[in-house]
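These notes concern the structure reproduced below.
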4 protein chains.
Amino acid sequence: MRRRDDRMKYTHIQESAYEANMQLPRLNLVLFTFGNVSVVDRDAGVFAIKPSGVPYEALSPAKMVVVDFDGNVLEGTLRPSSDTLTHAVLYKHWPLVGSIVHTHSTYATAWAQTQRDIPVYGTTHADHTTADIPCAAPMNDAMIKGNYEEETGRQIIQCLAEKGLDYREVEMMLVGNHAPFTWGKTPAKAVYNSAVLESIAQMAYLTEQIKPGSARLKEALIQKHFERKHGPDSYYGQA
Amino acid sequence: MRRRDDRMKYTHIQESAYEANMQLPRLNLVLFTFGNVSVVDRDAGVFAIKPSGVPYEALSPAKMVVVDFDGNVLEGTLRPSSDTLTHAVLYKHWPLVGSIVHTHSTYATAWAQTQRDIPVYGTTHADHTTADIPCAAPMNDAMIKGNYEEETGRQIIQCLAEKGLDYREVEMMLVGNHAPFTWGKTPAKAVYNSAVLESIAQMAYLTEQIKPGSARLKEALIQKHFERKHGPDSYYGQA
Amino acid sequence: MRRRDDRMKYTHIQESAYEANMQLPRLNLVLFTFGNVSVVDRDAGVFAIKPSGVPYEALSPAKMVVVDFDGNVLEGTLRPSSDTLTHAVLYKHWPLVGSIVHTHSTYATAWAQTQRDIPVYGTTHADHTTADIPCAAPMNDAMIKGNYEEETGRQIIQCLAEKGLDYREVEMMLVGNHAPFTWGKTPAKAVYNSAVLESIAQMAYLTEQIKPGSARLKEALIQKHFERKHGPDSYYGQA
Amino acid sequence: MRRRDDRMKYTHIQESAYEANMQLPRLNLVLFTFGNVSVVDRDAGVFAIKPSGVPYEALSPAKMVVVDFDGNVLEGTLRPSSDTLTHAVLYKHWPLVGSIVHTHSTYATAWAQTQRDIPVYGTTHADHTTADIPCAAPMNDAMIKGNYEEETGRQIIQCLAEKGLDYREVEMMLVGNHAPFTWGKTPAKAVYNSAVLESIAQMAYLTEQIKPGSARLKEALIQKHFERKHGPDSYYGQA
């Protein structure tokens, strides 16, 4: 049986998950309850996630539900997000991820509904990743009828693997016909990635409207911009 | 002649209708007075609806007009919404509807102006209904010149019937060349449906722009997402 | 020489013009100073208009410039809007107009840039006018090099005449390659018309994107919706 | 070694650069830190610029970094914007520029991603420049791998030269596959130009959507509108 101390030790991820969830409506990334953020405690092997279907204005740190990597509830009286097992699978397979965000933001979701990757058309995109934003194919019917949320996590992992991408470099993707998922080392970075993805998705849409058949960004610019912000010789931001 | 008690007993639907109407501008679903919400009292056989052409900022619960299912005014000194008879017909035919919303929200109205159903392209749509959002055909000239608002209600009912849809499952639709109507068991749900429809309409528009000829969501995913949120085995939200 | 009383008698149109101008940024119809409203005093044969190039946040009733129908400044130390003579011509020819609004609102201006009329695609449009929103052709070079602003007013008047439209029924239009002008009996109505035009312009754009070749609204619906709101048998709004 | 007085003399451009940078989020021109403004002191041969990667809400005048025209930091403990050398090159070659702005605003960046100039489709555009908004071609690989930011500045200068344009007349442009740069005599004008460019970019996009093959504004109107606002006979704004 858990002692009082056990419960107290989850407070930091509940507070952190609360703060991160509250950023989603402020950044215009969610309508009503269509999104959720989780924050992991690697030492404890648990994460805190938004309760299912509760409006953002009714949330509080104490309402964040704490679950283990199999989705068992350890703390909290509410039911966790229906996407909890997707988060769980990703935490299990990706040891360096600290936070995961799921939204139905307008432009990223529209791209997901087309099942297309978002081509890298400019430096705004290349500042964040050298790859086209990958879109995982929808699952087959057996997977959908099985453990759907767990399979969604596996679908994400497999899509990155097939494309030879590393989750530490590509921190955002689309699930075909569904919506975007992003992640990062910290909750701030994971939420940041959701807002960046929405902006990239809108710009790529407009680019194709303004000039159908626009060319992908040339390789030298992709590398240059990504290296300005990332890696050993980066010089963007404060050291 | 009505007694004072009669009047008092409408206060609850007037307050409820007032609150629901005030949500429309907050959710960016109306410009000026282009929308209205009604709330029914099934026992009394009456509903409260926004007065016609009165700006939202000038509304109050007492200004909500109470009418019976034939549109006769029972309470209130203002003229009810010009769409009142459309609401009345729907309440008469659909015994489990508690509230009806009409807006001219931008994307849903643009779809209505094309007379197209909105195809189900993703899980955001399937979370709310398994059907394409139906668009009722515009009326013939005799109906337009007859009791136009009543015919609008009949057009909505007939469109659902022709497509074999149930108003308890599909709570939103378009009236061709006009604009959307949504409904629900409660005012909160009916207003929620209007905002969801606008979001679905925008995403479907973008989906077709990003990839003309995008495929409809596969059947297994439609069923899965709808059942996650609705029906006996739903596991979205709090029990 | 004018007496103090003369000056005082313009205060009502200066205040009215100030209030109406301040509505434009609130309704998201202007960027910086790209718009202006004027209000006429028919008895005095003068109108008050926004000073040229002054930011909205720096305006006050006393800064509204009062001019006669030839554009001579009667009151105020600032230069009037560079579009003043366009307003003057319209007031001179249209005795029942009480206020005129000019903006560069995004969607209406984009339509003006295509030199296309905005087709009536739905009831939102027909609630306000039975006609397509007319777009006046750009002027010939001699007119542009002559008194450009006065010619803009004449271009508007001539466009309505050629299409057989009455300024009392059609209170909004586009000037080709330039931007929209709207008017009305009162400043509130003229500003309302600018916001309605922007909404109609956006919906018509989306309608054509969602379904190229969308049909114009059928005549019976055009008449029905216009008559609901206007004319002897109207039943929209409060009597 | 610099004396205290040296440091104090930069305060005016730091304050000015701070105020100008804070306008970018207010005008919806930046997401997170995707933009920067610099302000020059011509007598001192230095300019103040936003520090790299610092959120707008964490900025203060003292955090603005002061650098010379070779990008050497003279004042400030933070690293300057990674785009600093682009600003430096422009100040060096353009003696009458007082301030430079770089953003990744949505519509202007989408145009940049297509490598197309923005055609002058209307008077909103011609009010600001008679030229199509030029888009500089992306650099060759050697330039990208060399001093990338300095080359970006040279690319901008060369693009204007090739098109026979003067930086005192055309105060805004696009860098292909990257994003917009604007400038002006004052910080207020440079920021104003960024907002105007974004609006022009959105309207031009919509113009082509509403009518593919829309014609460029006729020459007489281009000249008329530019001369209304600029040059010896201008009559827009206050004298």
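Chain letters run A, B, ... following the sequence lines, proteins first and then strands; every chain starts at 1.
- By the 30° and 60° cut-offs, the orientation of the rings of Tyr205(B) relative to Tyr205(A) is perpendicular.
- Smallest separation of non-hydrogen atoms from Lys218(B) and Asn140(A): NZ-CA, 3.8 Å.
- Counting only N and O atoms by type, the side chains of Glu149(A) and Tyr235(B) include a donor and acceptor under 3.5 Å apart.
- Contact annotation: the side chain of Glu198(B) never approaches that of Leu31(A) to less than 4.5 Å [non-hydrogen atoms, C-beta and beyond].
- Here the shortest heavy-atom pairing between Met203(B) and Ala110(A) reads O-CB, 4.0 Å.
- Residue Ser81(A) does not touch chain B at all, counting heavy-atom pairs closer than 4.5 Å.
- In terms of heavy atoms, Leu221(B) sits closest to Pro138(A) at CD1-CB, 4.2 Å.
- The candidate with the highest count of non-hydrogen atom pairs below 4.5 Å against chain A, out of Lys229(B), His225(B), Gln202(B), Glu227(B), is His225(B).
- Judged purely by atom type and a 3.5 angstrom limit, Lys224(B) has no side-chain atom pairing as donor or acceptor with the backbone of Asp141(A).
- In terms of heavy atoms, Gln209(A) sits closest to Gln209(B) at OE1-OE1, 3.2 Å.
- The heavy-atom pair separating Asn177(A) from Tyr121(B) by the smallest distance is ND2-O, 3.0 Å.
- Put simply, the side chain of Gln113(A) does not reach to within 4.5 Å of the side chain of Ser214(B), judged on heavy atoms.
- Options Ala112(A), Ala204(A), Gly53(A) differ in how many heavy-atom pairs under 4.5 Å they form with chain B, and the most are formed by Gly53(A).
- Between Tyr192(B) and Phe32(A), the angle of the ring planes lies from 30° to 60°, which puts this pair in the tilted group.
- Contact of His125(B) with chain A is not made at all, since no heavy-atom distance falls under 4.5 Å.
- Counting heavy atoms of neighbouring residues, nucleotides and ligands inside a 6.0 Å radius, atom CZ of Arg216(B) exceeds 12 of them.
- Between Thr123(B) and His178(A), the closest heavy-atom pair is OG1-CD2, 3.0 Å.
- Interface residue Pro51(A): backbone and side-chain heavy atoms are both found under 4.5 Å from chain B.
- Taking Leu78(A), Val54(A), Thr109(A), Val175(A) one by one and counting their heavy-atom pairs under 4.5 Å with chain B, the maximum is reached by Leu78(A).
- When Ile210(B), Thr124(B), Leu206(B) are compared by the number of non-hydrogen pairs under 4.5 Å with chain A, Ile210(B) comes out ahead.
- Note that OG1 of Thr106(A) is 8.5 Å distant from OH of Tyr107(B), once rounded to the nearest 0.5 Å.
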